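This report concerns only the one structure given below.
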Amino acid sequence: VALSKANLTLTANSDTSKVYNGAEQSVSGFAITSGSLKGTDSAAVDLASITAGAKRTDAGTTAATVNDTAYTNGNYAITKVDGSLVVAQKEVALSAAKTYDGGKTLTGSQLAIATGVGTETLNYTSATINSKNVKDNSTNFVDAVALTDGTGKASNYKFTAARSASNTVALSKANLTLTANSDTSK
């Protein structure tokens, strides 16, 4: 009597809920997505040598793979399907402060960037604010910034160009002294 292997499709688990935090993040395990274990077979016993998963630290996507190289049961013809591990970019907090100068460009220490991840810092090469006017402080925000690596990688972070608790601007009034002309010719 010739017995043929039963078909079984194993799909690696996926996790798309991770956000960059500076530490290695992972997903593990798999699900039977086609076919089924036969008789009294159980995943804990008959598929115990099969592993699946992925690890990554930086923002991005990694394939979670099924590894059946140690599988010796032989009763199942296994088809492997990848899952994924997605680590999203973390939102930075931006805080801009400068004295009114008639422009919307930020330079140097006029923009503070908080990553919220340990001691990681970021720099920037250019940044602008939505409004140049002091009267708009309550609704103003950083509308563009080119993040660059500091002690952290800029590719792990993002920002949203909208007024929020994580994107504020405080413009101060510029000092102006007016002196009246005097006419001493009379």
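Quantities reported herein were computed from a predicted structural model and do not represent experimental measurements.
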| Which pairs pass side chain to side chain donor-acceptor pair (under 3.5 Å) with one or both residues in residues 87-97, sequence neighbours excluded? |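 Qualifying pairs, neighbours excluded: Glu91-Thr160.
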Heavy atoms, side chains only, cut-off 4.5 Å: are [X] and [Y] in contact?
{"X": "Lys98", "Y": "Leu171", "answer": "yes"}
{"X": "Tyr76", "Y": "Leu37", "answer": "yes"}
{"X": "Tyr100", "Y": "Asn133", "answer": "yes"}
{"X": "Ile50", "Y": "Ile78", "answer": "yes"}
{"X": "Asn75", "Y": "Lys5", "answer": "no"}
{"X": "Ile32", "Y": "Leu10", "answer": "yes"}
{"X": "Ile129", "Y": "Asp136", "answer": "no"}

| Separation of Ser155 OG from Leu147 CG (nearest 0.5 Å) |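 One gets 10.5 Å once the value is rounded to the nearest 0.5 Å.
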| query | Would you say the side-chain atoms of Thr33 and Thr9 include a donor-acceptor pair closer than 3.5 Å? | reply |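 No donor-acceptor contact under 3.5 Å links the two side chains.
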| request: Decide if atom NZ of Lys18 counts as having more than 12 heavy atoms of other residues, nucleotides or ligands within a radius under 6.0 Å. | output: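 Check passes, neighbour count above 12.
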| query | Do Thr148 and Asn123 pass the side-chain hydrogen bond (donor to acceptor under 3.5 Å, both in side chains) test, and can you show the C-alpha distance, the side-chain angles, and the key distance before you say yes or no? | reply | CA-CA 5 Å; Thr148 60; Asn123 299 314; 4.6 Å; no
N/O donor-acceptor pairs under 3.5 Å from side chains in residues 61-68, not counting sequence neighbours:
from, atom 1, to, atom 2, distance (Å)
Thr62, OG1, Arg56, NH1, 2.5
Asn67, OD1, Thr69, N, 3.0
Asn67, OD1, Thr69, OG1, 2.8
Asp68, OD1, Lys80, NZ, 3.3

